[in-house]
Number of protein chains: 2
Amino acid sequence: MDAAAKLFASKGYKETTMRDISSEIGMLPGSVYYHFKSKQKILLAVYKQAVDGLKIKVENSISTQSDPWLRLEIATITHLKAIIDQNDYAQVMTEVLPDKAPDIHRELTAMRDSYESIFSEIISKLPLKADVDKGLLRLMLIGALNSTKVWFQTGNFQPEEIGREYVRYLKDSIKE
Amino acid sequence: MDAAAKLFASKGYKETTMRDISSEIGMLPGSVYYHFKSKQKILLAVYKQAVDGLKIKVENSISTQSDPWLRLEIATITHLKAIIDQNDYAQVMTEVLPDKAPDIHRELTAMRDSYESIFSEIISKLPLKADVDKGLLRLMLIGALNSTKVWFQTGNFQPEEIGREYVRYLKDSIKE
DNA sequence: GTCTATAAGAAGATAGAC
DNA sequence: GTCTATCTTCTTATAGAC
(Lines give C-alpha, C1' and ligand atoms only; values in the text may rest on other atoms or scores of the structure.)
Protein backbone atom coordinates (compact mmCIF):
# COMPACT_ATOMS: atom_id res chain seq x y z
CA MET A 1 0.00 0.00 0.00
CA ASP A 2 2.85 2.40 0.75
CA ALA A 3 4.36 1.68 -2.64
CA ALA A 4 1.00 2.11 -4.37
CA ALA A 5 0.32 5.34 -2.49
CA LYS A 6 3.69 6.72 -3.50
CA LEU A 7 3.14 5.88 -7.16
CA PHE A 8 -0.53 6.94 -7.32
CA ALA A 9 0.44 10.24 -5.72
CA SER A 10 3.29 11.00 -8.08
CA LYS A 11 2.15 9.50 -11.39
CA GLY A 12 -1.58 9.11 -11.02
CA TYR A 13 -3.77 6.03 -10.84
CA LYS A 14 -4.09 5.12 -14.50
CA GLU A 15 -0.41 5.84 -15.13
CA THR A 16 0.67 3.45 -12.39
CA THR A 17 0.87 -0.19 -13.43
CA MET A 18 0.81 -3.31 -11.31
CA ARG A 19 4.37 -3.83 -12.52
CA ASP A 20 5.36 -0.44 -11.08
CA ILE A 21 3.83 -1.32 -7.74
CA SER A 22 5.28 -4.81 -7.54
CA SER A 23 8.78 -3.79 -8.59
CA GLU A 24 8.74 -0.96 -6.05
CA ILE A 25 8.48 -3.59 -3.32
CA GLY A 26 10.72 -6.17 -4.98
CA MET A 27 7.91 -8.48 -5.95
CA LEU A 28 6.66 -9.84 -9.22
CA PRO A 29 3.30 -8.62 -10.56
CA GLY A 30 1.47 -11.87 -9.95
CA SER A 31 2.37 -11.91 -6.27
CA VAL A 32 0.52 -8.69 -5.56
CA TYR A 33 -2.76 -10.40 -6.44
CA TYR A 34 -2.41 -12.59 -3.39
CA HIS A 35 -2.92 -9.46 -1.27
CA PHE A 36 -5.32 -7.47 -3.43
CA LYS A 37 -7.87 -8.85 -5.85
CA SER A 38 -7.42 -5.96 -8.30
CA LYS A 39 -5.79 -2.60 -8.87
CA GLN A 40 -9.02 -0.90 -7.91
CA LYS A 41 -9.02 -2.66 -4.55
CA ILE A 42 -5.55 -1.24 -3.92
CA LEU A 43 -6.80 2.25 -4.69
CA LEU A 44 -9.76 1.77 -2.37
CA ALA A 45 -7.50 0.64 0.46
CA VAL A 46 -5.06 3.50 -0.09
CA TYR A 47 -7.87 6.03 -0.31
CA LYS A 48 -9.45 4.79 2.90
CA GLN A 49 -6.17 5.03 4.78
CA ALA A 50 -5.61 8.50 3.30
CA VAL A 51 -8.97 9.78 4.44
CA ASP A 52 -8.83 8.18 7.88
CA GLY A 53 -5.30 9.42 8.49
CA LEU A 54 -5.91 12.97 7.35
CA LYS A 55 -9.14 13.18 9.28
CA ILE A 56 -7.32 12.32 12.49
CA LYS A 57 -4.45 14.70 11.72
CA VAL A 58 -6.73 17.64 11.07
CA GLU A 59 -8.96 16.89 14.04
CA ASN A 60 -5.99 16.62 16.36
CA SER A 61 -4.51 19.85 15.09
CA ILE A 62 -7.63 21.87 15.92
CA SER A 63 -8.68 20.04 19.06
CA THR A 64 -7.02 22.48 21.46
CA GLN A 65 -8.30 25.58 19.69
CA SER A 66 -11.65 27.20 20.32
CA ASP A 67 -11.47 30.38 18.26
CA PRO A 68 -13.37 29.55 15.07
CA TRP A 69 -11.12 31.54 12.73
CA LEU A 70 -8.01 30.03 14.21
CA ARG A 71 -9.53 26.58 13.82
CA LEU A 72 -10.08 27.26 10.14
CA GLU A 73 -6.54 28.53 9.70
CA ILE A 74 -5.00 25.56 11.47
CA ALA A 75 -7.12 22.99 9.64
CA THR A 76 -6.13 24.68 6.40
CA ILE A 77 -2.45 24.54 7.22
CA THR A 78 -2.62 20.92 8.37
CA HIS A 79 -4.35 19.97 5.14
CA LEU A 80 -1.79 21.85 3.06
CA LYS A 81 1.14 20.32 4.88
CA ALA A 82 -0.23 16.85 4.28
CA ILE A 83 -0.78 17.27 0.54
CA ILE A 84 2.42 19.22 -0.05
CA ASP A 85 4.98 17.61 2.21
CA GLN A 86 5.70 14.00 1.55
CA ASN A 87 2.52 12.36 2.76
CA ASP A 88 1.82 10.02 -0.11
CA TYR A 89 -1.58 8.95 1.13
CA ALA A 90 -2.93 12.47 1.48
CA GLN A 91 -1.56 13.32 -1.94
CA VAL A 92 -3.52 10.44 -3.47
CA MET A 93 -6.72 12.12 -2.27
CA THR A 94 -5.94 15.22 -4.30
CA GLU A 95 -4.13 13.61 -7.24
CA VAL A 96 -6.62 10.85 -8.00
CA LEU A 97 -10.08 12.21 -8.65
CA PRO A 98 -12.92 9.70 -8.18
CA ASP A 99 -13.84 9.69 -11.87
CA LYS A 100 -10.48 8.16 -12.74
CA ALA A 101 -11.81 4.82 -11.49
CA PRO A 102 -15.45 4.75 -12.65
CA ASP A 103 -16.28 1.39 -11.06
CA ILE A 104 -15.52 2.66 -7.56
CA HIS A 105 -16.50 6.27 -8.15
CA ARG A 106 -19.22 6.22 -5.51
CA GLU A 107 -17.01 4.82 -2.77
CA LEU A 108 -14.22 7.31 -3.45
CA THR A 109 -16.60 10.24 -3.52
CA ALA A 110 -18.20 9.15 -0.26
CA MET A 111 -14.79 9.06 1.40
CA ARG A 112 -13.85 12.50 0.13
CA ASP A 113 -17.16 13.88 1.37
CA SER A 114 -16.64 12.39 4.78
CA TYR A 115 -13.28 14.15 5.00
CA GLU A 116 -14.55 17.49 3.74
CA SER A 117 -17.27 17.43 6.37
CA ILE A 118 -14.61 18.50 8.85
CA PHE A 119 -14.33 21.77 6.96
CA SER A 120 -18.12 22.07 6.75
CA GLU A 121 -18.22 21.74 10.52
CA ILE A 122 -15.52 24.36 11.10
CA ILE A 123 -17.09 26.80 8.64
CA SER A 124 -20.53 26.35 10.17
CA LYS A 125 -19.16 27.76 13.44
CA LEU A 126 -17.72 30.91 11.86
CA PRO A 127 -19.54 34.20 12.52
CA LEU A 128 -20.26 34.99 8.90
CA LYS A 129 -22.30 37.62 7.09
CA ALA A 130 -25.77 36.25 6.52
CA ASP A 131 -25.44 36.27 2.74
CA VAL A 132 -22.25 34.21 2.61
CA ASP A 133 -22.94 30.71 1.30
CA LYS A 134 -21.10 28.29 3.59
CA GLY A 135 -21.08 25.49 1.04
CA LEU A 136 -19.64 27.66 -1.68
CA LEU A 137 -17.05 29.01 0.70
CA ARG A 138 -15.91 25.50 1.57
CA LEU A 139 -15.69 24.51 -2.09
CA MET A 140 -13.70 27.65 -2.87
CA LEU A 141 -11.24 27.10 -0.06
CA ILE A 142 -10.71 23.38 -0.58
CA GLY A 143 -10.43 23.89 -4.31
CA ALA A 144 -7.72 26.49 -3.78
CA LEU A 145 -5.92 24.25 -1.30
CA ASN A 146 -5.94 21.11 -3.42
CA SER A 147 -4.67 22.97 -6.44
CA THR A 148 -1.49 24.03 -4.66
CA LYS A 149 0.12 20.69 -5.46
CA VAL A 150 0.21 21.74 -9.12
CA TRP A 151 2.43 24.77 -8.61
CA PHE A 152 4.04 24.29 -5.22
CA GLN A 153 7.76 23.90 -4.98
CA THR A 154 9.80 24.35 -1.85
CA GLY A 155 11.45 27.72 -1.53
CA ASN A 156 8.68 29.98 -2.70
CA PHE A 157 6.19 29.66 0.10
CA GLN A 158 5.75 27.44 3.10
CA PRO A 159 2.46 25.62 3.71
CA GLU A 160 2.01 27.72 6.85
CA GLU A 161 2.26 30.96 4.87
CA ILE A 162 -0.11 29.79 2.17
CA GLY A 163 -2.75 28.67 4.66
CA ARG A 164 -2.45 31.80 6.75
CA GLU A 165 -2.69 34.06 3.72
CA TYR A 166 -5.60 32.22 2.10
CA VAL A 167 -7.67 32.54 5.27
CA ARG A 168 -6.62 36.16 5.64
CA TYR A 169 -7.65 36.94 2.06
CA LEU A 170 -11.13 35.73 2.95
CA LYS A 171 -11.75 36.66 6.57
CA ASP A 172 -12.50 40.39 6.50
CA SER A 173 -14.77 40.05 3.48
CA ILE A 174 -16.97 37.35 4.90
CA LYS A 175 -16.95 37.89 8.65
CA GLU A 176 -20.04 39.23 10.33
CA MET B 1 -9.64 17.91 -32.89
CA ASP B 2 -13.21 18.52 -31.77
CA ALA B 3 -13.63 14.83 -31.08
CA ALA B 4 -10.33 14.65 -29.21
CA ALA B 5 -11.18 17.76 -27.18
CA LYS B 6 -14.54 16.29 -26.23
CA LEU B 7 -12.95 13.02 -25.09
CA PHE B 8 -9.93 14.54 -23.36
CA ALA B 9 -12.26 16.89 -21.50
CA SER B 10 -14.64 14.21 -20.31
CA LYS B 11 -12.41 11.17 -19.81
CA GLY B 12 -8.92 12.57 -19.53
CA TYR B 13 -5.92 12.27 -21.82
CA LYS B 14 -4.57 8.90 -20.79
CA GLU B 15 -8.04 7.42 -20.62
CA THR B 16 -8.79 8.43 -24.20
CA THR B 17 -7.53 6.06 -26.88
CA MET B 18 -6.83 6.67 -30.52
CA ARG B 19 -9.62 4.21 -31.15
CA ASP B 20 -12.01 6.39 -29.13
CA ILE B 21 -11.06 9.43 -31.13
CA SER B 22 -11.26 7.76 -34.52
CA SER B 23 -14.59 6.07 -33.86
CA GLU B 24 -16.04 9.38 -32.63
CA ILE B 25 -15.52 10.77 -36.12
CA GLY B 26 -16.35 7.59 -38.01
CA MET B 27 -12.78 6.82 -38.95
CA LEU B 28 -10.49 3.90 -38.33
CA PRO B 29 -7.54 4.35 -35.97
CA GLY B 30 -4.89 4.24 -38.67
CA SER B 31 -6.48 7.07 -40.61
CA VAL B 32 -6.01 9.56 -37.80
CA TYR B 33 -2.25 9.25 -38.17
CA TYR B 34 -2.48 10.88 -41.59
CA HIS B 35 -3.48 14.09 -39.79
CA PHE B 36 -1.49 13.83 -36.57
CA LYS B 37 1.81 12.08 -36.09
CA SER B 38 0.96 10.97 -32.55
CA LYS B 39 -1.55 11.24 -29.73
CA GLN B 40 0.65 13.84 -28.06
CA LYS B 41 0.51 16.01 -31.17
CA ILE B 42 -3.27 15.94 -30.96
CA LEU B 43 -3.14 17.06 -27.35
CA LEU B 44 -0.74 19.87 -28.25
CA ALA B 45 -3.03 21.08 -31.02
CA VAL B 46 -6.12 20.91 -28.81
CA TYR B 47 -4.34 22.66 -25.96
CA LYS B 48 -3.16 25.45 -28.22
CA GLN B 49 -6.63 26.05 -29.57
CA ALA B 50 -7.99 25.95 -26.03
CA VAL B 51 -5.56 28.57 -24.77
CA ASP B 52 -5.88 30.84 -27.79
CA GLY B 53 -9.67 30.63 -27.74
CA LEU B 54 -10.05 31.28 -24.03
CA LYS B 55 -7.56 34.12 -24.10
CA ILE B 56 -9.61 35.90 -26.74
CA LYS B 57 -12.87 35.20 -24.92
CA VAL B 58 -11.61 36.59 -21.62
CA GLU B 59 -9.94 39.58 -23.22
CA ASN B 60 -13.06 40.46 -25.15
CA SER B 61 -15.23 40.15 -22.07
CA ILE B 62 -13.21 42.69 -20.10
CA SER B 63 -12.28 45.00 -22.95
CA THR B 64 -15.11 47.45 -22.31
CA GLN B 65 -14.61 47.59 -18.56
CA SER B 66 -12.20 49.87 -16.80
CA ASP B 67 -13.00 49.31 -13.13
CA PRO B 68 -10.30 46.90 -11.94
CA TRP B 69 -12.55 44.91 -9.58
CA LEU B 70 -15.22 44.55 -12.22
CA ARG B 71 -12.60 43.38 -14.69
CA LEU B 72 -11.56 40.68 -12.25
CA GLU B 73 -15.14 39.61 -11.68
CA ILE B 74 -15.93 39.45 -15.38
CA ALA B 75 -12.75 37.59 -16.27
CA THR B 76 -13.55 35.13 -13.49
CA ILE B 77 -17.07 34.56 -14.76
CA THR B 78 -15.93 34.18 -18.37
CA HIS B 79 -13.35 31.62 -17.30
CA LEU B 80 -15.91 29.72 -15.24
CA LYS B 81 -18.48 29.69 -18.02
CA ALA B 82 -15.92 28.27 -20.41
CA ILE B 83 -14.79 25.42 -18.19
CA ILE B 84 -18.27 24.61 -16.87
CA ASP B 85 -20.54 25.04 -19.85
CA GLN B 86 -19.87 22.79 -22.78
CA ASN B 87 -16.65 24.28 -24.13
CA ASP B 88 -14.62 21.12 -24.62
CA TYR B 89 -11.40 22.93 -25.43
CA ALA B 90 -11.41 25.06 -22.30
CA GLN B 91 -12.23 22.00 -20.24
CA VAL B 92 -9.14 20.22 -21.57
CA MET B 93 -7.02 22.98 -20.04
CA THR B 94 -8.35 22.20 -16.59
CA GLU B 95 -8.86 18.46 -16.96
CA VAL B 96 -5.49 17.54 -18.44
CA LEU B 97 -2.62 18.69 -16.26
CA PRO B 98 0.73 19.05 -18.06
CA ASP B 99 2.35 16.21 -16.13
CA LYS B 100 -0.05 13.73 -17.73
CA ALA B 101 2.03 13.95 -20.90
CA PRO B 102 5.64 14.17 -19.68
CA ASP B 103 7.20 14.49 -23.13
CA ILE B 104 5.34 17.71 -23.87
CA HIS B 105 5.16 18.97 -20.28
CA ARG B 106 7.12 22.13 -21.04
CA GLU B 107 4.98 23.16 -23.98
CA LEU B 108 1.74 22.61 -22.10
CA THR B 109 2.96 24.51 -19.05
CA ALA B 110 4.11 27.41 -21.21
CA MET B 111 0.66 27.63 -22.77
CA ARG B 112 -1.09 27.59 -19.40
CA ASP B 113 1.23 30.29 -18.13
CA SER B 114 0.55 32.45 -21.14
CA TYR B 115 -3.17 32.20 -20.41
CA GLU B 116 -2.86 32.86 -16.70
CA SER B 117 -0.87 36.00 -17.41
CA ILE B 118 -4.21 37.64 -18.22
CA PHE B 119 -5.14 37.22 -14.58
CA SER B 120 -1.72 38.43 -13.45
CA GLU B 121 -2.29 41.56 -15.48
CA ILE B 122 -5.76 42.18 -14.07
CA ILE B 123 -4.63 41.55 -10.51
CA SER B 124 -1.63 43.83 -10.91
CA LYS B 125 -4.04 46.72 -11.51
CA LEU B 126 -6.08 46.13 -8.36
CA PRO B 127 -5.64 48.59 -5.50
CA LEU B 128 -4.50 46.03 -2.94
CA LYS B 129 -3.14 46.20 0.57
CA ALA B 130 0.64 46.33 0.36
CA ASP B 131 1.11 43.00 2.11
CA VAL B 132 -1.10 41.00 -0.24
CA ASP B 133 0.96 38.75 -2.48
CA LYS B 134 -0.42 39.15 -6.00
CA GLY B 135 1.05 35.87 -7.21
CA LEU B 136 -0.45 33.90 -4.35
CA LEU B 137 -3.78 35.62 -4.85
CA ARG B 138 -3.81 34.60 -8.51
CA LEU B 139 -2.94 30.99 -7.67
CA MET B 140 -5.66 30.89 -5.01
CA LEU B 141 -8.33 32.27 -7.32
CA ILE B 142 -7.45 30.19 -10.38
CA GLY B 143 -7.13 27.09 -8.22
CA ALA B 144 -10.58 27.67 -6.80
CA LEU B 145 -12.01 28.31 -10.27
CA ASN B 146 -10.51 25.27 -11.95
CA SER B 147 -11.66 22.98 -9.19
CA THR B 148 -15.32 23.88 -9.77
CA LYS B 149 -15.54 21.34 -12.58
CA VAL B 150 -15.20 18.59 -9.97
CA TRP B 151 -18.34 19.47 -8.08
CA PHE B 152 -20.35 21.66 -10.40
CA GLN B 153 -23.71 20.46 -11.63
CA THR B 154 -26.40 22.63 -13.13
CA GLY B 155 -29.11 23.68 -10.75
CA ASN B 156 -27.09 24.49 -7.67
CA PHE B 157 -25.24 27.59 -8.78
CA GLN B 158 -24.73 29.43 -12.02
CA PRO B 159 -21.21 30.34 -13.19
CA GLU B 160 -22.13 34.00 -12.77
CA GLU B 161 -23.05 33.50 -9.13
CA ILE B 162 -19.93 31.51 -8.36
CA GLY B 163 -17.62 34.08 -9.95
CA ARG B 164 -19.37 37.02 -8.32
CA GLU B 165 -19.31 35.38 -4.90
CA TYR B 166 -15.68 34.25 -5.11
CA VAL B 167 -14.53 37.77 -5.91
CA ARG B 168 -16.78 39.17 -3.21
CA TYR B 169 -15.37 36.74 -0.63
CA LEU B 170 -11.93 38.20 -1.37
CA LYS B 171 -12.41 41.86 -2.16
CA ASP B 172 -12.96 43.52 1.20
CA SER B 173 -10.14 41.55 2.82
CA ILE B 174 -7.49 42.45 0.28
CA LYS B 175 -8.44 45.88 -1.02
CA GLU B 176 -6.39 48.88 -0.04
C1' DG C 1 3.33 -16.09 0.43
C1' DT C 2 6.00 -15.75 -3.75
C1' DC C 3 7.38 -17.36 -8.21
C1' DT C 4 6.97 -19.05 -13.16
C1' DA C 5 4.51 -18.78 -17.00
C1' DT C 6 1.10 -17.11 -19.62
C1' DA C 7 -3.55 -15.88 -21.02
C1' DA C 8 -6.35 -12.31 -23.06
C1' DG C 9 -6.96 -8.10 -24.38
C1' DA C 10 -5.93 -3.18 -25.29
C1' DA C 11 -2.64 0.34 -26.47
C1' DG C 12 0.11 3.43 -29.88
C1' DA C 13 1.77 3.27 -34.18
C1' DT C 14 3.09 1.72 -39.17
C1' DA C 15 3.03 -0.25 -44.21
C1' DG C 16 0.96 -0.56 -48.19
C1' DA C 17 -3.44 -1.19 -50.94
C1' DC C 18 -7.16 1.51 -52.70
C1' DG D 1 -7.41 10.86 -47.50
C1' DT D 2 -9.07 6.49 -45.75
C1' DC D 3 -8.95 1.54 -45.18
C1' DT D 4 -7.00 -3.18 -44.31
C1' DA D 5 -4.03 -5.57 -41.84
C1' DT D 6 -0.80 -6.01 -38.56
C1' DC D 7 3.38 -5.18 -35.39
C1' DT D 8 4.97 -4.45 -31.00
C1' DT D 9 4.48 -3.46 -26.62
C1' DC D 10 2.13 -3.02 -22.47
C1' DT D 11 -1.73 -4.07 -19.39
C1' DT D 12 -4.58 -6.51 -15.88
C1' DA D 13 -5.21 -10.71 -14.25
C1' DT D 14 -4.98 -15.98 -13.59
C1' DA D 15 -3.27 -21.00 -12.91
C1' DG D 16 -0.46 -23.82 -10.83
C1' DA D 17 4.36 -25.03 -9.12
C1' DC D 18 7.28 -24.29 -5.20
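Letters A, B, ... are given to chains in the order of the sequence lines, protein chains preceding strands, and every chain is numbered from 1.
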Participant: Rounded off to whole Å, could you give me the CE-to-C1' distance for the M27(B) and dT4(D) pair?
Facilitator: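 Spelled out: CE on M27(B) to C1' on dT4(D) is 15 Å.
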
Participant: How is the hydrophobic cluster of V150(A) composed, in terms of its other members, when Ile, Leu, Val, Met, Phe, Trp and Tyr link through side-chain heavy atoms under 4.5 Å apart, directly or indirectly?
Facilitator: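 L97(B), listed by chain and number.
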
Participant: With sequence neighbours excluded, give me every salt bridge (charged side-chain N to carboxylate O under 4.0 Å, His left out) pair touching residues 21-40 of chain A.
Facilitator: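 Matches after skipping sequence neighbours: K6(A)-E24(A).
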
Participant: Can you measure I42(A) atom CD1 to dT12(D) atom C1' for me and round it to whole angstrom units?
Facilitator: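 Rounded to the whole Å, the gap is 11 Å.
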
Participant: Please, which pairs that meet salt bridge (charged side-chain N to carboxylate O under 4.0 Å, His left out) have at least one residue in residues 76-105 of chain B, sequence neighbours excluded?
Facilitator: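 Every pair satisfying salt bridge (charged side-chain N to carboxylate O under 4.0 Å, His left out) with a residue in residues 76-105 of chain B: E15(A)-K100(B), E95(A)-K100(B), K100(A)-E95(B), K81(B)-E160(B).
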
Participant: For residues 65-98 of chain B, pull every pair meeting ring-ring contact (aromatic ring centres under 6.0 Å, His included), keeping only residues two or more places apart or in separate chains.
Facilitator: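 Non-adjacent pairs meeting ring-ring contact (aromatic ring centres under 6.0 Å, His included): H79(B)-Y115(B), H79(B)-F119(B).
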
Participant: Once you round it to whole Å, what is the distance between P of dT2(C) and CG of L28(A)?
Facilitator: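 It works out to 11 Å between those atoms.
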
Participant: May I have the distance from E15(A) (atom CD) to dC10(D) (atom P), rounded to whole angstrom?
Facilitator: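 Atom-to-atom, E15(A) to dC10(D), this comes out as 16 Å.
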
Participant: How does protein reach along nucleotides 12-18 of chain C, written 5' to 3' as B (base within reach of a heavy atom under 4.0 Å), S (only sugar-phosphate), or - (no contact)?
Facilitator: BBB----

Participant: Which whole-number value in Å describes the distance from Y34(A) OH to dA13(D) P?
Facilitator: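 Checked: the OH to P distance equals 19 Å.
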
Participant: Could you note down all residue pairs passing ring-ring contact (aromatic ring centres under 6.0 Å, His included) where residues 151-173 of chain A supplies at least one of them, sequence neighbours left out?
Facilitator: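 Of all non-adjacent pairs touching residues 151-173 of chain A, none passes ring-ring contact (aromatic ring centres under 6.0 Å, His included).
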
Participant: Quick test of your reading: applying salt bridge (charged side-chain N to carboxylate O under 4.0 Å, His left out), list the pairs with at least one residue in residues 140-153 of chain A, sequence neighbours left out, ordered by first then second residue.
Facilitator: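 Qualifying pairs, neighbours excluded: none.
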
Participant: Write down the distance between CG (D103(A)) and P (dT12(D)), rounded to a whole number of angstrom.
Facilitator: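 Roughly 14 Å, once rounded to whole Å.
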
Participant: Dot-bracket for DNA chain D, please, read 5' to 3', with Watson-Crick or G-U wobble pairs under 3.5 Å on both distances, ( ) within the strand, [ ] crossing, | other strand, . unpaired.
Facilitator: |||||||.||||||||||

Participant: Going by atom types only, do T17(A) and D20(A) share a side-chain donor-acceptor pair under 3.5 Å?
Facilitator: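 Yes - a donor-acceptor pair under 3.5 Å links their side chains.
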
Participant: Could you list the residues that satisfy ring-ring contact (aromatic ring centres under 6.0 Å, His included) with Y13(A), not counting sequence neighbours?
Facilitator: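 Y13(A) satisfies ring-ring contact (aromatic ring centres under 6.0 Å, His included) with F8(A) only.
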
